Amino acid sequence: MRFAHIADVHLGSWREPKLRELSTLAFIEAIKRCIDKKADFVLISGDLFNTSLPPIESLKLAVTELKRLKDAGIPTYTIAGSHDFSPSGKTMLDVLEEADLVKNVCKGSVDEGKLRLEFTLDAKTGAKITGMLGKKGMLEKKYYEDLSRKELEEEKGFKIFMFHTAISELKTEELEMMDAAPVSLLPRGFDYYAGGHVHIVKEASIEGHKNLVYPGPVFPNSFAELEKLGCGGFYLYDDGKLAYEKIELRKVATISIDCEHKSPAQITEKAFEEITRNKLDGAILLLRFAGTIETGKTSEIAFNRIIELAQERGAYFVMKNTSKLATREFDEIKVKADTTEEVERLVMEEHVGQIKSLKLNPEQEKELVTRLMLALDIEKEEGEKQADYEARVNAEMSKIINA
Ligand SMILES: [Mn+2]
């Protein structure tokens, strides 16, 4: 049996055209390799799209590539991830499933408060696949608590469990702050655990749970991911052997400038030196500026000239990051984080406990705030009138508050 395990594609995540193109090419390459390597089937463990209502071009790309798999006789099994749901619980995966391009394996029924998952049988290999969807703010934890495990664990045959949740035992140091659940959350005794959500490349076997895998994204989704992962990829399972299929379309070069106790002119000079010293042929260049500068303002650093020089030296694309750069005048940055989600979480944690009138414990309050933020994240639908859109947002909000 040979299958591919892809996760966190986040189609449409990059705004910069050059990086968006690379992420598109990486997805196309992943699908091409699944076909070339004659995979029996493909698993996509959530977050195929970056937003629940993806732009037409992302949808078209997904349809084209999934169709390619289908035409090659390779079925695709999937679960929804935290980015796949609109606040009202809708997901584009339903549309893809209706078109017979994917099969959502997170299905079952609720029976006396217990959640019973069903297996989806892969006709060619006999593999039995099931899984649990992922939601923002780890709201899926409740589903796991209600999950009926016995039948899942006793089922015979080759079994795969797909999940979109951070597992504490698999977290790396830099993800220490991320919400996670212990591996015991997952039912035991499966042959492969196809993970998503955590953008790291990791495989592990922990007692009762063998082949727990996070393949990471097909292409990094942010500055931090480009810096940490360098490239993307996916996993290939081949008769019990696991292999990471690296997709490296461009090299990533990182230049970190230590700005501590330097003036803007010295920092500019230092950046020039570093760029001239490095070989940038066609690479994505990540420029990180960190530290507290001695005098003046950060805007006095000649960023434009630095970026121009890097382009002249052959960089394919230049990104700068100043999130760890501070000045003496303004040292009051309270929240330091690399991603929007991290910022949201940190701000939320800092302010939890302030809505005294609601009499909620911190966990309940965090959950309420997460739900409200999701509801405020509703996108206006094509052709929808402003008034209807507002009414829809208001209805979602009051539904949550009155629940
Ligand atoms: Mn993701």
Side-chain angles (χ1 to χ4, degrees), residues 1-9 26-48 65-66 68-70 72-79 81 101-106 117 119-134 152-153 155-167 169-170 183 186-219 229 231-248:
M1 185 183 315
R2 186 182 300 149
F3 62 84
H5 169 202
I6 296 174
D8 298 288
V9 186
F27 181 56
I28 293 172
E29 171 66 18
I31 300 301
K32 182 179 175 291
R33 272 197 229 171
C34 293
I35 296 170
D36 289 350
K37 305 232 172 208
K38 300 193 168 58
D40 293 314
F41 55 87
V42 172
L43 306 170
I44 302 180
S45 297
D47 288 356
L48 174 58
E65 295 311 309
L66 293 170
R68 214 187 291 279
L69 286 176
K70 189 184 152 93
I74 303 172
T76 302
Y77 302 104
T78 190
I79 52 168
L101 291 171
V102 300
K103 187 118 187 65
N104 189 342
V105 300
C106 177
L117 285 175
F119 282 100
T120 296
L121 181 75
D122 178 64
K124 186 177 165 199
T125 61
K128 294 168 178 175
I129 312 165
T130 189
M132 184 69 88
L133 51 88
L152 293 178
E153 293 178 349
E155 181 82 21
K156 298 270 177 297
F158 187 92
K159 298 182 291 182
I160 297 173
F161 191 86
M162 300 178 73
F163 64 102
H164 193 86
T165 301
I167 298 297
E169 288 88 340
L170 269 74
V183 71
L186 305 174
R188 299 163 69 93
F190 281 64
D191 297 277
Y192 189 91
Y193 292 85
H197 185 53
V198 189
H199 295 197
I200 56 172
V201 182
K202 188 139 184 176
E203 55 176 274
S205 286
I206 300 164
E207 219 219 314
H209 298 87
K210 82 171 170 199
N211 296 331
L212 287 148
V213 178
Y214 285 123
V218 166
F219 183 77
L229 302 170
C231 68
F234 64 97
Y235 259 78
L236 203 66
Y237 174 100
D238 192 355
D239 284 335
K241 284 195 297 289
L242 303 184
Y244 179 62
E245 284 287 320
K246 202 171 170 178
I247 299 175
E248 191 172 36

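From a predicted model like this one, the values you see are computed outputs, not experimental measurements. Heads up: numbering here begins at 1 and tracks the sequence. The basis for the numbers below is simple: all heavy atoms, side chains too, and nothing from hydrogens, waters or symmetry mates.
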Subject >> Qualifying residue, where the test is side chain to side chain contact (heavy atoms under 4.5 Å, CB included) with Phe41 and the options are Leu69, Asp122, Thr76 >> reply: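 With Phe41 as partner, Leu69, Asp122, Thr76 yield a single side chain to side chain contact (heavy atoms under 4.5 Å, CB included), made by Asp122.
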Subject >> Member of Ile247, Leu229, Val9 meeting the side chain to side chain contact (heavy atoms under 4.5 Å, CB included) criterion with Pro217 >> reply: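 With Pro217 as partner, side chain to side chain contact (heavy atoms under 4.5 Å, CB included) holds for just one option, Leu229.
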**OP:** Measure across Ala30 and Val218 and return the closest heavy-atom pair with its distance rounded to 0.1 Å.
**Re:** CB-CG1, 4.2 Å
Salt bridge [X]-[Y], side-chain N to carboxylate O under 4.0 Å:
X: Glu65; Y: Arg68; answer: yes
X: Glu153; Y: Arg188; answer: no
X: Asp40; Y: Lys124; answer: yes

Is it true that a side-chain atom of [X] and a backbone atom of [Y] form a donor plus acceptor pair closer than 3.5 Å?
X: Tyr192; Y: Phe161; value: no
X: Lys159; Y: Leu152; value: yes
X: Thr78; Y: Ile44; value: yes
X: Glu245; Y: Phe234; value: no
X: Thr120; Y: Val105; value: no
X: Ser45; Y: Ala194; value: yes

Original post:
Under a 4.5 Å cut-off applied to non-hydrogen side-chain atoms, are Tyr237 and His5 in contact?
Top reply: no
**OP:** Measure the acute angle between the ring planes of Tyr193 and Phe163, then classify it against the limits of 30° and 60° as parallel, tilted or perpendicular.
**Re:**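 Judged by the thresholds at 30° and 60°, the geometry between Tyr193 and Phe163 is perpendicular.
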Original post:
Cation over ring, Lys103 on Tyr77, under 6.0 Å and within 45°?
Top reply: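 No.
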Original post:
Just checking, any donor-acceptor pair under 3.5 angstrom between side chains of Asp47 and His164?
Top reply: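 A pair is found: one side chain offers a donor N or O, the other an acceptor, under 3.5 Å apart.
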Original post:
Run the side chain to side chain contact (heavy atoms under 4.5 Å, CB included) check on His209 and Leu186 step by step: do they pass?
Top reply: CA-CA 8 Å; His209 298 87; Leu186 305 174; 4.0 Å; yes
Original post:
So, Tyr235 versus Phe3, ring centres under 6.0 angstrom or not?
Top reply: no
